[in-house]
Every structure is written in C-alpha cells, then in structure tokens.
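Working notes, beginning with the structure itself.
In what follows, every chain begins at residue 1, and chains take the letters A, B, ... in the order their sequences are listed. FYI, side chains are in, hydrogens and waters are out, and symmetry mates aren't considered; it's all heavy atoms of this structure.
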Protein chains: 2
Amino acid sequence: MKAPARPIRRATLHHSAVEELRAMILDGELPPGVRVPEVQLCEQLGISRTPLREALRVLSSEGLVELRPHRGAIVAPVDPGEIGAIFEVMDALERLAGTLACRNGSDAEFAKLDRMHDQLVTQHEAGERAAYFLTNRQIHSQIVAMARNPALEATYAGFAAKILRARSLANYDTGRWQESVDEHEGFMAAFRRRDAEEAGALLADHSRRTAVAVIQALRQPPAQGMVQEGGAVTDAEPLNAG
Amino acid sequence: MKAPARPIRRATLHHSAVEELRAMILDGELPPGVRVPEVQLCEQLGISRTPLREALRVLSSEGLVELRPHRGAIVAPVDPGEIGAIFEVMDALERLAGTLACRNGSDAEFAKLDRMHDQLVTQHEAGERAAYFLTNRQIHSQIVAMARNPALEATYAGFAAKILRARSLANYDTGRWQESVDEHEGFMAAFRRRDAEEAGALLADHSRRTAVAVIQALRQPPAQGMVQEGGAVTDAEPLNAG
DNA sequence: AGTTATAATATTGTATACAATTTGGCACGG
DNA sequence: CCGTGCCAAATTGTATACAATATTATAACT
C-alpha cells in the first residue's frame with residue numbers, strides 16, 4: 001500500500017543472510033536445537049562461509065542462535081523458564097508502550113488502530129485463526145510504533161520474535177481465544193478514552209495472561225523444543241541471484 | 001567435577017575482539033562518530049580482518065557501531081533524543097528490577113546490598129567521585145541480578161552501556177550528586193521493608209531524574225564527540241581516563 | 001568384553017587473496 | 001568560475017585456502 005520512498009537495498013550478503021536465517025528460524029524451518037552446519041547452509045543460500053558466519057554472530061547476539069566454540073552453532077532451544085523471564089519483561093514493555101502510545105499517538109493512528117481492531121473481531125467471529133494471529137501481531141506493533149520510541153520498538157521486536165517462536169511450537173490457544181479478544185476490547189476502550197495508565201495496565205495484564213497460557217502449553221506437549229539434528233530444511237533461493 | 005575457577009574460556013579471537021572493542025568504545029577510547037578503519041584496528045589488536053569484522057557485526061547488533069555498506073563502520077553517535085528514548089525504557093526496567101528483586105532476592109543478597117549502599121554513602125562523603133560511580137553501577141547491577149531474570153539482565157546491560165557512554169561524554173553531575181544519594185536512601189529503605197511496589201516506583205523515579213540531568217548536560221557542554229562523519233578526533237587518550 | 005588411548009575425519013576458526021564499490025581528484029566543457 | 005564526467009586510489013565485501021580443535025572410529029590392553 002504505502003509506496004516505500006526508497007527501499008534501502010541492503011547490498012551486502014551477510015545482511016541478507018541475517019534476514020533469511022532469522023525468517024527460517026521464526027518460521028520453524030530451522031527448529032530449536034538443530035545444529036547449523038555452515039557448509040550446508042552456504043550452498044543452500046548460495047553464499048560463502050564468510051557472510052554466513054557474520055550472520056550467525058548477529059543472530060547469536062539476538063539470542064536466536066547459540067555459538068559453541070569449535071563445536072558448531074545450534075538454533076537456540078526454547079526454554080519455558082526463559083520464555084517466562086522474557087514475558088516478565090514483555091509485560092513491562094507492553095505497559096510502557098500503551099502509556100506512551102496514548103500520549104504520543106496521532107488521531108489518524110488511533111483511527112487506524114480502531115480499524116485494525118474491527119478487523120480482528122471480524123476474523124475472530126469468522127474463525128480465521130491464521131489471519132487473526134497476524135492482525136493481532138500487527139495491532140501490537142502499531143501500538144508500539146505509536147509510542148514513538150525506537151529503543152522500545154527494537155527491544156520489543158526482539159522479545160516478540162522469541163515469543164512468536166515459543167507460541168508456534170506449542171500449539172497454544174483455543175480456550176484462550178475468546179478471552180484474548182475480550183482483553184483487546186478492554187484496552188481498546190481505554191485507548192479510545194486516551195487513558196494512558198489504564199491502557200498500559202490492561203496491555204500488561206493481557207501480556208501476563210498470554211504468558212500463562214503459552215507457558216502452560218509449552219510444558220505440556222511432547223515436543224520439548226529440543227529437536228534432534230538433521231531437521232527439516234527445504235530449499236531456498238540463492239541470495240545473490242540479482 | 002566442578003568447572004574451574006574461570007568457567008568460560010572464550011578461545012575465539014572474534015569474541016575477544018568484541019569485548020576489547022566494546023571496552024574501547026565504552027571507555028571513550030573510540031569516541032562516537034569516528035570511523036573504524038579495519039586494517040588499522042587489525043594490526044592494533046594483532047588479529048586479521050575476519051574476526052574483527054565478525055566483532056563489528058555483533059557490536060552493530062548491540063547498537064554501539066553503525067555499519068554503512070561499502071562506506072565503513074563508525075562508532076555509533078550519541079544522540080540526545082535516542083538517549084531520552086533509552087531512558088524511557090530504562091525507567092520501566094528499573095521498576096521491574098526493583099519489584100522482582102524484592103520478591104526473589106535472598107536475605108544474603110539484601111545484606112550485601114546494604115553493605116554496598118553503606119560504601120556508596122561513605123564514598124560520597126569522602127568525595128571519591130570515581131569510586132562512587134563504580135559502586136553506584138554495581139548496586140544497580142546487584143538489584144538487577146536479584147530479580148532473577150536473565151532476559152531483564154541482558155537487556156538492562158545493553159541500555160546501561162549506552163547510558164554510560166552518554167554520561168561519560170557529558171561530564172554531568174556535581175549538582176545532582178547529593179540528590180542522587182538521597183534517592184538511593186529512599187529506595188534502600190523500601191528494600192529493607194521488602195516493599196516491592198514502592199522500591200520499583202522509587203527506582204523508576206531515580207532513573208527518570210537521572211535521565212533529566214544527563215540529557216540536560218548532554219545538550220549543553222563541549223560535546224566534541226557527537227558529531228556525524230569525520231568530526232573531532234584528536235586522539236584517544238585524553239577523554240575521561242583519569 | 002569393557003575401557004582407554006590413539007589416530008583419522010570432519011568441522012570450525014583464522015588468514016589471505018581477489019572482486020566490487022565508494023571516494024577523491026583531475027580534465028574537459030559550459 | 002563552476003559543474004559534469006571519467007579515472008585512480010583506497011577501503012570494504014566476498015571467496016577460498018590453511019590451521020586448530022572436537023568428534024568419531026579403531027585398536028590395543030586389562
């Protein structure tokens with residue numbers, strides 16, 4: 001929709017590799033715990049080891065990959081305890097985002113938020129689960145963007161990525177769906193009143209309840225998150241095909 | 001058998017390079033805005049370009065370095081606006097740390113915190129500024145450690161590093177010193193009562209007041225380092241080392 | 001047979017060589 | 001005199017070759 005004024009062309013292979021690998025990890029294409037053999041990924045991405053290794057260092061810094069000196073890299077396992085800790089911080093970030101969004105968001109942004117919320121409700125009623133989750137994420141991103149705080153935005157994105165990964169491997173929800181929509185209604189009402197404190201509090205509460213559900217789901221299924229090696233890897237297009 | 005006294009031995013050069021470069025940046029040896037010529041740093045550190053470049057990617061991910069494709073890396077400039085945003089998040093993290101520390105800290109840790117605080121007061125009365133600042137940082141790190149939340153700890157450390165850099169180039173303080181000590185007295189009293197809410201609130205307030213002072217100092221002084229391109233690089237030595 | 005020592009293999013870590021892009025300067029033309 | 005276009009130098013980006021370490025397999029010994 002928006003015409004990007006200038007889509008910054010990251011001409012460097014290692015940066016493309018970061019994005020590619022991050023997407024592969026978040027999509028579950030590279031499951032937690034699997035070893036990341038450099039040469040195999042190199043020919044899969046059509047690049048050499050140098051940019052790939054630089055990408056692995058970045059992803060390690062982001063916490064999506066674990067580097068074990070001389071023993072290879074693995075996709076970071078998803079530990080319920082760690083996810084719990086992440087959610088504790090996330091609650092605080094959500095609260096901050098809600099408060100700041102009320103203070104700094106423009107009327108146009110609030111209107112857009114309202115439209116997104118309507119869409120969310122529609123998708124819930126229609127039972128379109130995948131679309132709902134996407135809209136849900138977009139709503140929270142929108143709130144964070146309205147906070148006008150790049151540091152918050154970056155930190156939030158990092159935690160959201162890890163939480164997304166946890167959610168995707170524990171097939172959480174069903175029972176929580178209706179509840180979650182109700183909570184959305186709650187903080188949207190606060191947003192419409194521009195009640196910064198209340199919006200923040202309700203967002204933090206929403207995050208906390210999500211945390212409980214996700215962690216509970218994470219402890220139940222057989223998949224501990226430690227998947228054995230040789231995990232599924234499908235083909236990917238070479239990065240330097242341009 | 002237990003691990004040796006030094007549990008983690010990072011034998012890889014790129015990891016050592018990360019720590020070395022990060023220290024150089026935080027110490028002001030590499031001032032904000034300066035270009036980071038790879039070859040020069042290579043011979044300075046006695047390594048080749050490969051591990052150095054991997055280190056630069058990591059530092060870029062941490063926000064201490066900016067990579068401009070094909071145009072070299074620069075030490076990230078210190079922008080007052082960005083520092084303000086960072087402090088907004090920091091306030092929330094301090095509050096969370098204070099609250100969790102009350103809930104999760106052991107009595108031994110609280111006792112240690114008390115001793116550190118006594119030391120802080122002593123150093124303030126003695127006018128030992130450098131020692132005071134070190135103890136101050138250690139106290140806040142101790143509080144964060146008592147929160148028992150690795151995600152919080154890591155995020156906090158990242159923000160603290162950037163704030164430290166801002167503080168060191170704006171030689172802020174003097175007027176704020178006494179006030180800061182008073183605030184420490186305040187949240188320490190809350191800690192002794194194990195009043196989680198109050199401790200968190202006072203820590204957040206302390207952080208907010210620090211933010212005001214730092215940012216104000218940052219906008220005024222002979223800030224030589226926060227220019228964009230090739231600005232103001234006399235030499236590395238005489239910054240704040242003494 | 002089980003265990004330990006040793007060697008072979010594979011994979012990672014580092015260094016260097018090569019390619020691509022930017023930057024600065026200079027000539028030419030307006 | 002100033003602007004434009006091209007060329008040269010320098011620096012970054014990438015690929016490959018080499019070195020070091022961990023893992024696995026083998027074999028000898030108790």
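- The B:Arg53 side chain lies nearest to D:dG13 when the options are C:dA15, C:dG13, D:dG13.
- Comparing A:Arg71 and B:Arg57 along DNA chain D, the residue whose closest nucleotide (by nearest heavy atom) sits nearer the 5' end is B:Arg57.
- In this structure, the nucleotide among C:dT14, D:dG13, D:dT14 sitting nearest to the side chain of A:Pro51 is D:dT14.
- One atom, CD of A:Glu54, and another, P of C:dT12, lie 16 Å apart when rounded to the nearest Å.
- Rounded to whole Å, atom C1' of D:dA20 lies 15 Å from atom NE2 of B:His14.
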**Item:** side chain to side chain donor-acceptor pair (under 3.5 Å) assessment of A:Thr210 paired with A:Arg176
**Value:** CA-CA 8 Å; A:Thr210 302; A:Arg176 165 124 180 89; 3.1 Å; yes
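- Listed here is the closest heavy atom pair of B:Ala161 and B:Leu26: O-CD2, 3.5 Å.
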**Asked** For DNA chain D, what is the dot-bracket line, given that a base pair needs Watson-Crick (N1 to N3, plus N6-O4 or O6-N4) or G-U wobble (N1-O2 and O6-N3) geometry with both distances under 3.5 Å, and | means paired with another strand?
**Response** ||||||||||||||||||||||||||||||
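- Considering every non-hydrogen atom in both B:Leu21 and B:Leu41, the closest pair reads CD2-CD1, 3.8 Å.
- The distance between atom CD1 of A:Ile74 and atom P of C:dT11, rounded to the nearest whole Å, is 17 Å.
- Atom NE2 of B:His15 and atom P of C:dT12 are 18 Å apart (whole Å).
- Spacing between atom CZ of B:Arg35 and atom P of C:dT22 amounts to 13 Å, rounded to whole angstrom units.
- Evaluation of the salt bridge (Lys or Arg N to Asp or Glu O under 4.0 Å) rule for A:Glu38 yields A:Arg49, A:Arg53 as partners, not counting sequence neighbours.
- In this structure, B:Leu41 places its CG atom 14 Å from C1' of D:dT12, rounding to the nearest Å.
- Place B:Thr50 and B:Pro37 on DNA chain D by their nearest nucleotides, and B:Pro37 ends up nearer the 5' end.
- Of the possible polar contacts, none joining the B:Ser207 side chain to the B:Leu203 backbone as a donor-acceptor pair under 3.5 Å is found.
- Side chain of B:Arg49, nearest nucleotide from D:dG13, C:dT14, D:dA15: D:dG13.
- Residue B:Glu62 forms a salt bridge (Lys or Arg N to Asp or Glu O under 4.0 Å) with just one option from B:Arg22, B:Lys162, B:Arg165, B:Arg57, and that option is B:Arg22.
- Rounded to a whole Å, the NE2 atom of B:His70 is 6 Å from the P atom of C:dT21.
- Remark on DNA chain C: of its neighbouring residues B:Gly46 and A:Ala73, the 5'-side contact belongs to A:Ala73, judged by nearest-heavy-atom nucleotide.
- With salt bridges taken as basic N to acidic carboxylate O contacts below 4.0 Å, one links B:Arg148 and B:Glu109.
- With rounding to whole Å, B:Glu38 atom CD is found 12 Å from D:dA10 atom C1'.
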